[in-house]
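Written below as structure tokens is the structure these notes are about.
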Amino acid sequence: MAEDTLTPARLLDRSGPLKGLTVVDLTWGVAGPLATMFMADYGADVIKVEPPGGDPFRALLPAYTVWQRGKKSIVLNLKNEPGKSLLHRMLARADVLIESFTPEAASHLQINYESLQADFPRLIACSIRGYGDERDNQHSGFDALVQARAGLFGEQGGIREGPVFSYYPLASYAAAYLALIGVMAALHARKQSGKCQRVETSLYDGVLAHFALQLSQAEKPTASFRAYRGSKRHVPPSVDSYQCSDGRYLHIHTGAKGAFERLCELVGIDPREFPGYYKGRHFVGDREQGERFRRELAQRFRTRPMMQWVAALRDSDVAVGPCLEAGAGFEDEQALAMDLIAQVFDPRLGNLRECGLPIKFGATPGAITKSAPEPGADAEEVLRWLGIPHSEAAVLRAQGAV
Amino acid sequence: MERGEDHNQTSVAAHRGPLAGIRSVDCGMFAAGPYAAMLLSDLGADVIKVEPPEGDTMRPTEKAFAGVQRGKRSIAVDLKTPEGLRIFYQLAARADIVQHNLRLEVAQRLGIGYDKVREINPRIIYCHGTGFGSRGPLRNIGGFEMNYQAHGGLESAQAGEGNSPVLICGAPMDLFTAMEAAAAILMALRWRDETGEGQYLEIPQFATAFVFESQQYITSTGPGPRFTLDSQQTGLGPFYRIYEAADGRWICIACPDRQTQERLLSALGLDPALHTHERQTLERELQTKFRARDAAAWLQSLQSSGIPCEIAAETGTVEKILSDPQALERGRVVEYDHPIYGRLRQTGHLMRFSRTPAHIDRPPPLCGQHTREVMRELGYDNEQIAQLAGKGVVRMAE
């Protein structure tokens with residue numbers, strides 16, 4: 001691929017909508033780091049506070065190379081008093097604190113909301129928990145455990161019966177967005193009232209968001225109210241995936257107006273033969289006709305290579321996606337055209353291509369300002385920001401606080 | 001917790017949520033656009049759903065529709081008529097946010113594009129949800145959940161090694177894009193709060209697939225490290241996966257570091273030194289052990305050894321939240337009367353605010369349920385409303 005099709009990481013010349021916002025980031029794992037990555041991408045000053053030895057998840061999650069980009073790092077020993085008081089000095093100047101401790105650990109560090117409220121009247125404190133209720137314990141921050149217990153693995157369809165493991169940390173991804181929404185809403189409320197508050201979400205809330213389309217229950221449900229299940233369900237043939245002559249798959253969807261008829265015309269099936277399966281824009285009951293339609297469709301798709309079908313379906317205005325290999329998207333023409341892939345220079349790994357900025361702001365685009373910091377890389381800058389003179393900084397280092 | 005706190009000092013308005021006083025005009029269809037607007041409504045914004053007289057295309061999916069529409073007021077307007085378009089402009093003039101996920105050319109043809117709306121309201125935050133995006137070879141091409149999952153490589157990743165593509169359940173491309181849109185709108189609101197400037201923003205749904213893939217990076221010599229799901233779809237390695245127990249239920253374990261891994265092996269009666277063995281061998285050994293006892297017995301003994309683990313709940317468990325009285329009491333589940341469905345329960349607050357908790361009290365609207373109410377607020381009298389309804393410009397719910 002030509003280098004000039006890549007998005008260059010433009011350094012510091014594209015302020016985002018969060019310019020001027022300071023965030024103290026005490027998160028680990030997936031949800032918190034992803035939420036604060038968005039904050040940094042879109043202009044906030046994010047200071048990642050790491051324990052001595054660095055955030056242990058650095059070694060466990062290669063994704064930290066991406067998710068920690070654009071942040072500053074300081075290593076603080078929060079188990080000693082000078083370290084804790086340094087954190088509090090940071091909080092006095094920050095707009096947002098975001099953490100993913102257990103409630104006990106947060107109290108221990110005196111960063112539970114009750115202690116913060118009195119000392120930092122303008123600070124938005126965001127907590128990302130496992131469940132956000134009495135189920136929280138020292139292990140409840142693990143994404144897989146929350147998905148397993150909440151029932152997401154149970155809903156996921158796969159090649160066999162029984163629960164299916166999620167490849168992606170879905171609960172955490174959703175919680176990252178919820179935390180971001182919560183913090184932004186609280187900032188707006190602060191603008192109105194001048195007052196701080198606490199906002200809490202959890203990986204479990206993320207699972208609930210993931211199932212928004214099926215988590216409604218009515219006293220007097222109609223047939224279609226009962227019907228929706230987005231999971232282990234019968235997939236109607238005209239929204240399913242099919243194998244093509246080269247062994248590759250494509251995934252169609254005929255939800256748009258007239259798309260079912262356009263599909264039929266393209267592949268040479270007479271839609272009038274399946275009146276019990278499809279009417280108007282909606283699937284109707286006849287399972288047997290549906291299965292016959294699926295067989296005929298499968299047969300047609302097996303006659304040509306996948307990309308040929310994809311082009312033909314697009315020409316016919318039928319929604320389709322080629323089922324690409326995981327990771328193949330980094331070479332995708334459309335993704336490059338939309339700047340969804342960014343190039344970032346990492347001192348350790350060289351030039352990287354990684355997830356770009358998904359939200360396109362017209363006036364304040366934001367930017368990836370730098371790669372992920374080494375633990376403690378920005379300690380001096382942070383201490384300077386706090387107005388701590390060299391002599392005091394040396395003492396703090398000697399005490400093991402920094 | 002959230003109810004009592006601060007109650008005396010805080011004004012009643014604050015209890016309408018952090019976005020009290022914010023107005024959004026939502027012309028979204030299907031799931032992604034509307035869910036973004038619903039999240040804003042949950043936080044206290046006044047969201048007016050503008051739908052065509054024949055209703056949102058997704059209404060026939062009743063249950064899925066209800067999941068992304070509560071809290072809004074619906075006004076049914078034909079934007080293809082000059083009078084209807086005028087109503088939209090009046091709404092946009094007094095709104096903070098306009099959001100929709102129509103195709104660009106459709107929005108422009110209707111006359112609700114950004115340029116037009118900005119003329120009327122320069123402070124507007126205008127959020128356009130697109131499919132593959134507004135540039136590039138697939139610009140303005142329509143797509144659905146599964147098309148983005150397929151194209152982004154997500155179905156292949158979820159398939160497991162050697163299997164044909166598997167769709168991730170629950171419609172995450174729709175719903176996660178919606179969450180991203182809500183976050184984006186609020187970031188733009190933050191910018192407006194600081195500078196007074198509104199702006200245009202685009203949320204390409206395709207981009208969400210790349211956020212999912214943000215775990216991956218590519219170096220000049222090839223892809224960086226990547227987890228893979230095994231062919232049996234049980235996990236990402238011997239220590240982060242599910243194992244079947246004697247009773248057919250599955251135990252999920254999450255042992256990230258060597259110490260915990262060794263502790264797990266000891267607790268299972270295996271040699272801790274095994275943790276260095278290759279993936280397949282280890283998984284086989286562990287699976288054989290797990291099959292020897294029931295899931296509940298394993299859970300108890302592993303948890304008492306400090307091993308992070310849970311039983312993987314069966315299909316239908318996530319829905320049980322709706323009948324949990326504690327969840328209802330805490331506002332995580334909400335309940336209200338719906339004109340057709342009777343008592344309707346849905347998940348409620350996914351974020352808890354200490355000072356400005358919002359009250360979720362409106363069920364998903366019928367098409368045009370609030371046409372009259374909203375038009376009265378715009379200054380139309382009953383006679384004018386009846387006249388416009390007679391001409392088919394607006395529609396009221398029966």
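Just so we're on the same page: letters track the sequence lines, and every chain starts at 1.
In this structure, Gln334(A) contributes its side chain and Leu138(B) its backbone to a donor-acceptor pair below 3.5 Å. Using a distance-only test at 3.5 Å, with no hydrogens or angles considered, no donor-acceptor pair links the side chain of Glu213(B) to the main chain of Ala326(A). Between the side chain of Gln197(A) and the main chain of Phe353(B), no donor-acceptor pair closer than 3.5 Å is present. Checked by atom type and distance alone, the side chain of Arg160(A) pairs as donor or acceptor with a backbone atom of Gln233(B) at under 3.5 Å. Checked by atom type and distance alone, the side chain of Tyr167(A) pairs as donor or acceptor with a backbone atom of Phe227(B) at under 3.5 Å. Formation of a donor-acceptor pair under 3.5 Å by the Ser216(A) side chain with backbone atoms of Gln346(B) is not found in this model. A donor-acceptor contact shorter than 3.5 Å is absent between the side chain of Thr315(B) and the backbone of Glu155(A). Checked by atom type and distance alone, the side chain of Glu310(B) never pairs as donor or acceptor with a backbone atom of Ala150(A) at under 3.5 Å. With Tyr200(B) contributing its side chain and Phe361(A) its backbone, the two residues share no donor-acceptor pair below 3.5 Å. Of the possible polar contacts, none joining the Glu354(A) side chain to the Ile218(B) backbone as a donor-acceptor pair under 3.5 Å is found.
Ring pair Tyr173(A)/Phe176(B): centre-to-centre distance not below 6.0 Å.
The contact between Ser202(A) and chain B is made by backbone and side chain atoms together, counting heavy-atom distances below 4.5 Å. Contacts between Ala175(A) and chain B at a heavy-atom distance below 4.5 Å are absent for every atom of the residue. In this structure, no portion of Leu250(A) lies under 4.5 Å from any heavy atom of chain B.
For the 3.5 Å distance criterion, the side chains of Ser193(A) and Arg355(B) qualify, holding a donor opposite an acceptor.
Within the 4.5 Å cutoff, no side-chain heavy atoms of Arg352(B) are placed close to those of Val199(A). No side-chain heavy atom of Met351(B) sits under 4.5 Å from any side-chain heavy atom of Asp205(A). No side-chain heavy atom of Gln215(B) sits less than 4.5 Å from a side-chain heavy atom of Val30(A).
Counting heavy-atom pairs closer than 4.5 Å to chain A, the top-ranked of the candidates Gln149(B), Glu197(B), Gln232(B) is Gln232(B). Of the residues considered (Val183(A), Leu187(A), Asp133(A)), Asp133(A) shows the highest number of contacts with chain B, using heavy-atom pairs under 4.5 Å. Chosen from Met184(A), Arg314(A), His251(A), the residue pairing most often with chain B at heavy-atom distances under 4.5 Å is His251(A).
Between Arg330(B) and Glu134(A), at least one side-chain nitrogen of the basic residue sits less than 4.0 Å from a carboxylate oxygen of the acidic one, meeting the salt-bridge criterion. Electrostatic pairing of Glu62(B) and Arg226(A) does not count as a salt bridge here, judged by no charged N lying under 4.0 Å from a carboxylate O. Between Arg343(B) and Glu219(A) there is no salt bridge, since no side-chain nitrogen of the basic residue lies less than 4.0 Å from a carboxylate oxygen of the acidic one.
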Side chain to side chain contact (heavy atoms under 4.5 Å, CB included) between Met179(B) and Leu178(A), intermediate numbers included
CA-CA 7 Å; Met179(B) 289 190 271; Leu178(A) 292 173; 3.8 Å; yes

Is there a side chain to side chain contact (heavy atoms under 4.5 Å, CB included) between Phe38(A) and Val211(B) once you walk through the steps?
CA-CA 10 Å; Phe38(A) 282 120; Val211(B) 176; 3.9 Å; yes

What's the verdict on side-chain hydrogen bond (donor to acceptor under 3.5 Å, both in side chains) for Thr364(A) and Arg190(B), showing C-alpha distance, side-chain angles and the deciding distance?
CA-CA 12 Å; Thr364(A) 57; Arg190(B) 187 267 171 182; over 6 Å; no

